[in-house]
Chemist: 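Take a look at the following structure, please.
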Amino acid sequence: MRRRTLAVLLAISFPVLAGCGGAPVDGAAAAPASTPTSSSVTAPAPSSYSSSPVPSASLPAPPSIPAPPSTTPVRSCRSPEFTTSDPDGGWSDGGYYVHNNMWNAGEAGPETLRACAYDNWYVESTQPDSTSVKTYPNVHKDINDQNGKPFNDYSVIKSTFAGRGPGTGIYDVAYDLWLNGVGDGKGVSELMVWTENHKQVPGGDKLTTYTAGGLTYDVWADDEGYVAFVSRSTQYAGSVDLKAMIAWAIGKGLIPSNPTVNQIGYGIEFCATGGGKARFTLSDFSVTMS
């Protein structure tokens with residue numbers, strides 16, 4: 001897999017370290033091909049009221065407004081269909097692939113993934129207190145058996161997500177998109193979208209910002225085809241317009257024009273788990289491409 005350089009935000013200032021840090025920020029390992037599968041509450045507008053004097057007793061009651069949706073869908077995986085502690089264990093479901101993906105197994109501690117569905121699973125991970133990325137348990141969608149299709153063939157590439165990290169240790173919760181191939185290889189690009197970040201910094205340099213849907217992302221990139229959109233605010237659930245992000249990166253010269261879109265994944269990169277077992281829970285994921 002592609003090796004990426006990261007830095008770690010520590011409470012005390014130290015020189016930049018290698019790992020989550022200097023070891024890879026992987027994307028997903030190759031997995032069986034998959035076929036795609038693929039919501040907002042709008043409050044009603046208040047009724048119009050007459051400006052002419054009306055006795056207070058006859059004023060209509062204000063309209064009722066539905067409560068906003070919860071931040072994270074209320075789901076739990078109590079009876080898993082699939083369980084694995086295999087570093088490369090995975091499960092195909094609904095056109096997606098759920099992957100334990102302990103790609104840096106030489107440094108990684110134990111990790112177990114339990115899945116009720118591709119969009120309802122959790123992982124328990126125990127990673128040592130060091131600064132290298134150890135694992136990227138994720139769910140991903142392969143396009144055309146990972147051979148991909150040209151970006152310009154799509155008018156829509158969107159995704160929904162809901163995932164929450166443990167709030168301890170060093171990690172990021174992120175999308176990982178592979179363009180012009182998957183993994184290491186000449187001309188391959190990797191685009192990440194970090195929705196939650198705990199004490200980690202991407203590789204490369206911070207170049208600029210990207211704003212969409214009222215959210216601001218710091219954009220990092222290196223000269224090897226790696227781009228990371230890092231949300232300034234934590235997003236435990238939401239939707240992303242991946243086509244718009246890829247198009248923006250192409251316009252800035254960070255990604256070659258009209259790349260193939262080969263794989264779209266979402267999961268957590270564990271570096272350290274704070275001295276014990278940590279849990280990541282995913283309760284929604286979908287990719288829409290047309």
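Note that the structure is predicted; figures quoted are calculated from it, not measured.
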Chemist: Where do Asp86 and Asn100 come nearest, in terms of heavy atoms and distance?
Modeler: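 Here Asp86 and Asn100 meet closest at O-ND2, 3.0 Å.
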Chemist: Can you give me the closest heavy-atom contact between Thr84 and Gly89, atom names plus distance?
Modeler: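 So the two residues come closest at OG1-CA, 3.7 Å.
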Chemist: If every non-hydrogen atom of Ser132 is compared with every non-hydrogen atom of Asn104, which pair is closest and at what distance?
Modeler: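 Looking at all heavy atoms of both residues, the shortest contact is OG-ND2, 4.0 Å.
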Chemist: Look at Asp119 together with Arg75 and state whether they make a salt bridge at an N to O cut-off of under 4.0 Å.
Modeler: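 So Asp119 pairs with Arg75 through a salt bridge.
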Chemist: Run the numbers on Trp194 and Val173 for side-chain contact (heavy atoms from CB on, under 4.5 Å), then give the verdict.
Modeler: CA-CA 6 Å; Trp194 292 21; Val173 178; over 6 Å; no
Chemist: Checking His99 against Asp88: is there a side-chain donor and acceptor pair closer than 3.5 Å?
Modeler: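 There is such a pair (donor and acceptor under 3.5 Å, judged by atom type) between the side chains of Asp88 and His99.
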Chemist: Under a plain distance cut-off of 3.5 Å, with no hydrogens placed, do Gln235 and Thr195 share a side-chain donor-acceptor pair?
Modeler: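 There is no such pair between these side chains.
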Chemist: Could you walk me through whether Tyr210 and Trp248 pass ring pair (Phe, Tyr, Trp, His ring centres under 6.0 Å), step by step?
Modeler: CA-CA 9 Å; Tyr210 173 86; Trp248 183 91; 5.4 Å; yes
Chemist: For residues Thr135 and Glu111, is any side-chain donor paired with an opposing acceptor at under 3.5 Å?
Modeler: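 Per modelled atom types, Thr135 and Glu111 side chains form a pair under 3.5 Å.
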Chemist: Does the gap between the ring centers of Phe285 and Trp121 come in under 6.0 Å?
Modeler: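 No - the distance between ring centres of Phe285 and Trp121 does not fall below the 6.0 Å cut-off.
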Chemist: What residue among Thr208, Val240, Thr211 forms side chain to side chain contact (heavy atoms under 4.5 Å, CB included) with Tyr217?
Modeler: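 With Tyr217 as partner, Thr208, Val240, Thr211 yield a single side chain to side chain contact (heavy atoms under 4.5 Å, CB included), made by Val240.
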Chemist: Between the side chains of Asp172 and Gln200, does any donor sit under 3.5 Å from an acceptor?
Modeler: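 Yes, a side-chain donor-acceptor pair sits under 3.5 Å.
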Chemist: How are the rings of Phe82 and Trp91 set to each other: parallel, tilted or perpendicular (split at 30° and 60°)?
Modeler: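 Ring orientation of Phe82 relative to Trp91: parallel.
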Chemist: Side chains of Tyr171 and Glu196: donor-acceptor distance under 3.5 Å anywhere?
Modeler: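 Indeed, the side chains of Tyr171 and Glu196 share at least one donor-acceptor pair under 3.5 Å.
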Chemist: Is it the case that the ring center of Tyr266 lies less than 6.0 angstrom away from the ring center of Tyr175?
Modeler: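 For Tyr175 and Tyr266, the ring centres are under 6.0 Å apart.
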Chemist: Testing the basics here: between Thr160 and Ser286, what is the closest heavy-atom pair and its distance to 0.1 Å?
Modeler: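 Smallest interatomic distance, heavy atoms only, reads OG1-OG, 2.6 Å.
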Chemist: Testing the basics here: between Cys77 and Arg114, what is the closest heavy-atom pair and its distance to 0.1 Å?
Modeler: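 Cys77 and Arg114 have their closest heavy atoms at SG-O, 4.2 Å.
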Chemist: Can you tell me if Asp222 uses its side chain to pair, donor with acceptor, with the backbone of Tyr226 under 3.5 Å?
Modeler: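 Yes: the side chain of Asp222 pairs with the backbone of Tyr226.
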Chemist: Enter the distance from Leu207:CG to Leu254:CG here, rounded to the nearest 0.5 Å.
Modeler: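 Here the rounded value is 6.0 Å.
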Chemist: Can you name the nearest heavy-atom pair linking Asn262 to Gly181, along with the distance?
Modeler: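 The pair with the smallest heavy-atom distance is OD1-N, 3.1 Å.
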